[in-house]
Amino acid sequence: MKVGFEIHIQVNSARKLFCNCNPKNEDISHLEFRRRLRVSSSELGEIDPAAAFEIKKGLDIIYISGDKTSCLVEADEEPPHEPDPYSVEAAIKISNMLNAFVVDEIHFMRKIVVDGSNTSGFQRTAIVGLNGNFDFRGKNVRIQTVCLEEDAARLQEKGEGHSKYELKRLGIPLLEITTEPLEISSEEARALAESLGRTLKLTGLFARGLGTIRQDVNVSLEGGGIVEVKGVQKLEQVSKVIDFEEKRHKMLFEIAAKLKERGVNEDSFEIDPIDVSEIFKSYANPTVKKFFKDSAMALKAPGFKGLLSYETVPDSRIGLDLADICRLFGFKGIIHSDEILKYGFGNDILNQIEDRLKVTDNDAYVLVFGDKEKAALCLQMVKERLKMAIKGPVAETRYATDKGTTRYLRPRPGASRMYPETDIPTIKITKEMKDKFKIEIKSWEKAVEDFSCRYSINKEMAEQILDSDFIDFFENAAESFPNVPPTLIASLIVQVFIPYQNVGKNIEYDEFIKLIELFSKGSIAKEAVIDLARYMLEKGLSLDNALKEMNIEKLSVDDLRKIIQEKINEVLQENIEPTKLYGTLMGRVMSVVRGKIEGKIVDEEVRKALESLKKD
Amino acid sequence: MLLLEGFKSDCMEKIQDFSKIKFRIKDQVYEGIVMPRTLYEDEDHITVKLSNGYNIGIEKSKIEILKIEPQKAQSEVIQEKEFESHGPKILIIGTGGTISSKIDYRTGAVKPAFTASQIVDMVPEIKSIASINVKTIMNELSENMQPSNWTLMAKEVYNAFESGYEGIVIAHGTDTMHYSASALSFAIENPKGPVVFVGSQRSSDRPSSDAATNLLGAVTFAAKSYSPGVYVAMHASLDDDIIAIHKGVKVRKNHTSRRDAFKSINARPFAFVDIKKQEIRFTENKQEVKGSMRLYEKFSERAALLKFYPGISDRYLLSVFNKDLFDAIIIEGTGLGHVSRKAFPYLKDYIRNEGFIGMTSQCIWGSVRLTVYETGRDLLSIGVTPLEDMLSEVALVKSMWALGNGFNLKEIMPKNLRGEISERREVQ
């Protein structure tokens, strides 16, 4: 098995790559405008069928432009400005750091992208470094390219006949670092991604926080196509995704062998989708009505009986890929013969369909309900996909799910449609620049040690924070509130932020800075900080609302003494063993006052109270 | 096929563009295709397209060539596809603006693609709107256009109408499109159908280009409006849905780069074309044919445009208000149409020598009115002709046209011939 990475990481420049917008600004107002991207009919054939279909049908793209984070350049209403010097410098530094050959002239190219994520219909990208290397566990990992390019707009929603993109992210400078495919295990791959990611983070050249680093993973088995899995955001996903792909590819080889056994070859696919609306029209039962409105198309899947639902690992079956292809065209999914019995259409209908399609013992078939023209196009694409299965794993682009599985995204991109970006003159990189823009690879162990020393927190916590998206929060909070022990802030991140982020919760920095501030003023007890944070994320509340609900108010020492007296009276009634007295008392008192006063003070007062009790 | 192996880098001079090249730098071997250098790039570097499609620039001195294979030049075969189209006969005239182009991904070059089948390839919807023919009459960046180009365009349009075309679309660079539109508005009296100028602000090679929708809007209007006259068709806003059709004598390019750069001044756009719905919405009554078509294709270059400003030097005024050089001067005055009293002697002198002076305003919007302030009234008594709300560029072109065709400027300049003067300006 061979694995390769493409890491995309945002440069922490104050401006975007081709204009002077600062993506960190707060927008005051937003503007919307509608576009359609167009490609000539002759070129349309070379784009993947689903994208071509969307363009042909006139997919509306709605762009949202925030007034402070995007400008006429992002709206494709002004030519690009000269590239951000800080980003060019960063690209040279990283190329040097990775021992890559730095080109003498940077030529920006236009890479055609028609899904709407770039307003101009292309992404601007350039090679800065070639053929570098990275030391990983004694292995020399080849770095194929270091590219400087612009990030794409973020898809906000995709609906019936339209897509909405937000322009804040469009144009943010990215470095793309591509490794050569390596023969490594999934665990080694995860470690490599981690090591490379850490090395890049330590340079201080890149933005920090969620979404600032994304990786694509390429997986292939010998004799099979290369599958590109896009958007593997978390490191834990890397090894899961690779394991899943390895198993899925092996399964696809099995299926290819089975198809061969059954005598299926390229010629078996000289078939066309067939209109079976008539068959459904004659049945008015509720089950049929649930799916059939006015049109149904069917396609034979020669030799695929049992193979559409066959999977060696959950969610890897071909049937799922076919359903995903249909969704690209706007359908809810696809129904195939391996599972058709569970729908309850009745044997009559099924027999008629099988007759029309001339289905034999080893064949399967698929059904699509909906617009006839769309269905026909969609089934052509399904047919191509089935045909490719003869060869085993198909070269294509997929995306990673949270569970660590992958799903079909689009067919293998054709030869990259790239041509020079003539609005931007080539950038000369002189020997002086190459000599000047150099940085050393910093040691991760040393960085962890330095961080841990600087803030007096233990190394495990230090490492967790440095690996997380919350370094900025930590440093910000620690520096703004010097009377707050950094260990508390670290605990907040390690015990609360990281776990809650992993289950998809959104961490609102400002609310938690307010929380720390509250503690720093002495308004709440130390223990309350973690409890409150958990409560806020669990219930999705702001700090103020959480405070109200949790009824956390600071207790005075006098009130504490009253409570302690109460509890002592309770306890005295119960004949507790003297050695267990302290523990029991602490437990009862803490259950009432926890968070409202420092545990230390409670401890002190309880001991005092017990002392004076002994004297009596 | 000549293979050169192991040559030193000083033989780089002999390498042909598009040769396949294999070379070494430091310890790495690279393969690619040699790309042509542009006029603005130096000779010390070579551009190579790698197999992944990217171009890179490398100093010639660093390269150790391992292998070169010059490639035979690939002859450009334009596949002319047959197509059927229905509708009124429309002629699309090309003057050089690249409203339609094709990318050769092999070389990265963007080439014009201005034949009928290439246009239909770009905008297939045209097939059901009009029956089109395409003719290229010149190849000029619009900033290089001269009055002689306007004359050629006018003749072509006149002849096209005479030979049976029902509407005409002229593809033109946007920089001076409004000048050409004015020129043709005056040159052709009572055109037999719509003449629609069209351009694009974003180059037509990119998927986001406004070229296709602008062209679609222009052809739709030319074929379906039945409103003769000269117009400019460009985006109405940042959205791709609506194309504005501006009267040629009321429009100006008001932004360097935006799709909706062209705005009707002192008027609303004459009509809007909804591209999706294929509908035309007029904001005023359609124009009608008022007589037979006549061609006045001459333009004189003895007219000039002067933008007035505080501190304008005497020398400058002297050189412009010179009847030996110019028969007509259009002034872009300040405010309601004023200039400093300092300039009066030059104006007086020029008019005494039978020069014509027309007054417009550099405010762009609004109408000139010389009866309101003293300066204005003095200008009137000097003999300056107020041109109401005519755009200064339109006034300039009109004066060039009037001089070229022997009209009396004092009479014809303030007369509203083609709608270049609005009787009223709405509150908008």
Side-chain angles (χ1 to χ4, degrees), chain A residues 31-43 55-56 58 60-63 65 72-73 75-79 101 103-114 118-122 125-128 130-131 144-145 147 178 415-420 422-423 425-429 431, chain B residues 25-28 30 35 38 40-42 44-47 49-50 52-60 62 79 81 100 102-105 107-110 113 118 120-124 201-203 205-213 237-241 255-261 275-276:
Chain A
L31 193 98
E32 274 189 23
F33 56 91
R34 305 175 88 93
R35 294 277 168 78
R36 295 257 183 101
L37 291 179
R38 277 183 174 253
V39 175
S40 69
S41 314
S42 46
E43 268 201 66
I55 291 180
K56 221 172 121 181
D60 266 343
I61 305 167
I62 300 170
Y63 290 108
S65 166
L72 289 180
V73 175
D76 189 43
E77 295 289 356
E78 189 177 292
F101 168 67
V103 300
D104 299 308
E105 278 181 347
I106 299 179
H107 289 236
F108 273 96
M109 308 294 287
R110 293 178 182 172
K111 184 173 178 178
I112 300 280
V113 174
V114 290
N118 290 81
T119 44
S120 50
F122 54 75
T125 171
I127 286 186
V128 177
L130 284 162
N131 287 313
Q144 285 179 338
T145 52
C147 291
T178 307
S416 220
R417 284 143 81 246
M418 274 208 276
Y419 64 111
T422 43
D423 290 347
T426 58
I427 301 174
K428 245 198 210 56
I429 304 184
K431 183 174 185 306
Chain B
I25 302 179
K26 284 191 199 170
D27 287 315
Q28 278 296 336
Y30 300 89
M35 289 285 123
T38 70
Y40 309 102
E41 293 175 325
D42 65 33
D44 303 323
H45 295 75
I46 181 182
T47 306
K49 183 181 270 306
L50 301 172
N52 57 18
Y54 281 92
N55 286 3
I56 56 172
I58 311 198
E59 243 176 75
K60 281 181 182 173
K62 291 199 180 141
Q79 289 286 352
K81 280 188 235 151
S100 177
K102 210 170 136 74
I103 306 164
D104 178 355
Y105 289 108
T107 60
V110 175
Q118 284 170 327
V120 158
D121 196 33
M122 173 174 81
V123 202
Q201 286 279 66
R202 298 272 85 70
S203 58
D205 54 275
R206 58 184 87 189
S208 64
S209 174
D210 49 335
T213 36
S237 70
L238 296 192
D239 298 335
D240 276 344
D241 316 2
H255 197 281
T256 58
S257 59
R258 278 173 66 130
R259 279 167 177 67
D260 58 351
I275 293 298
K276 242 199 274 194

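The chains referred to below are lettered A, B, ... by the order of the sequence lines, with proteins before strands, and numbering in each begins at 1.
- Contact count versus chain A (heavy atoms, under 4.5 Å) is highest, among B:Thr38, B:Thr107, B:Thr47, for B:Thr47.
- A:Leu130 touches chain B through backbone and side chain together, each having a heavy atom under 4.5 Å away.
- Neither the backbone nor the side chain of B:Tyr40 comes within contact range of chain A, judged by heavy atoms closer than 4.5 Å.
- For the pair B:Asp42 and B:Asp44, the tightest heavy-atom approach, listed with the atom from each and the gap, is OD1-N, 3.1 Å.
- For A:Thr422, no part lies under 4.5 angstrom from a heavy atom of chain B.
- Taking both residues in full, the closest heavy atoms of B:Ile58 and B:Lys62 are given as CG2-CB, 4.5 Å, listed atom of the first, atom of the second, then distance.
- Electrostatic pairing of A:Arg36 and B:Asp240 does not count as a salt bridge here, judged by no charged N lying under 4.0 Å from a carboxylate O.
- For the pair A:Asp423 and A:Phe108, the minimum side-chain heavy-atom distance is 4.5 Å or more.
- The residue among B:Ala113, B:Pro124, B:Gly57 with the most heavy atom pairs within less than 4.5 Å of chain A is B:Gly57.
- Looking at A:Thr426, the atoms closer than 4.5 Å to chain B (heavy atoms on both sides) all sit in the side chain, from C-beta outward.
- Looking at B:Asn52, both its backbone and its side chain come within 4.5 Å of chain A, counting heavy atoms on both sides.
- Among A:Arg38, A:Met109, A:Glu78, the residue making the largest number of heavy-atom pairs under 4.5 Å with chain B is A:Arg38.
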task: Apply side chain to side chain contact (heavy atoms under 4.5 Å, CB included) to B:Asp205 and A:Arg110, showing your working.
output: CA-CA 11 Å; B:Asp205 54 275; A:Arg110 293 178 182 172; 2.8 Å; yes
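- If you take CZ on A:Phe101 and CD on B:Gln28, they are separated by 11.0 Å, rounding to the nearest 0.5 Å.
- Both the backbone and the side chain of A:Val103 come within contact range of chain B, with heavy atoms under 4.5 Å apart.
- When each of A:Pro79, A:Ser120, A:Gly121, A:Pro420 is checked for heavy-atom pairs under 4.5 Å with chain B, A:Ser120 comes out on top.
- In this structure, B:Ser208 and A:Thr119 have side chains that are not in contact, with every pair of non-hydrogen atoms separated by 4.5 Å or more.
- Residue A:Leu72 touches chain B through its side chain alone, counting heavy-atom pairs closer than 4.5 Å.
- When each of B:Ile275, B:Asp241, B:Asp210 is scored by its heavy-atom pairs under 4.5 Å with chain A, the top score falls to B:Asp241.
- Put simply, NZ on A:Lys428 and CD on B:Glu59 are 9.0 Å apart, with the number rounded to the nearest 0.5 Å.
- Look at A:Glu77 and A:Arg35 and you find a salt bridge, because one of the NZ, NE, NH1 or NH2 atoms lies within 4.0 Å of a carboxylate O, short of that distance.
- A salt bridge is defined here as a Lys NZ or Arg NE, NH1 or NH2 lying under 4.0 Å from an Asp or Glu carboxylate O, and B:Lys276 with A:Asp60 meets this definition.
- Contact detail for A:Phe33 and B:Leu238: the closest heavy-atom pair is CB-CB, 4.0 Å.
- Your options are A:Thr145, A:Ile106, A:Thr125, A:Val39, and the one with the most heavy-atom pairs under 4.5 Å with chain B is A:Thr125.
- Within the 4.5 angstrom heavy-atom criterion, atoms from both the backbone and the side chain of B:Arg259 approach chain A.
- With a 4.5 angstrom heavy-atom cutoff, B:Ile56 touches chain A via backbone and side-chain atoms both.
- Here B:Asp121 does not pair with B:Lys102 in a salt bridge; the nearest charged N to carboxylate O distance is not below 4.0 Å.
- Using a 4.5 Å cut-off between heavy atoms, B:Ser203 touches chain A through its side chain atoms alone.
- Aromatic ring pairs are classed by plane angle as parallel below 30°, tilted from 30° to 60° and perpendicular above 60°; the pair A:Tyr419 and B:Tyr105 is perpendicular.
- Neither the backbone nor the side chain of B:Asp27 comes within less than 4.5 Å of any heavy atom in chain A.
- Contact of B:Val110 with chain A is made through the side chain alone, with heavy-atom distances under 4.5 Å.
- Proximity to chain B (any heavy atom under 4.5 Å) is shown, for A:Asn118, by neither the backbone nor the side chain.
- Contacts between B:Gln201 and chain A at a heavy-atom distance below 4.5 Å are absent for every atom of the residue.
- With respect to chain A, the highest number of heavy-atom pairs below 4.5 Å among B:Pro207, B:Ser257, B:Gly108 belongs to B:Pro207.
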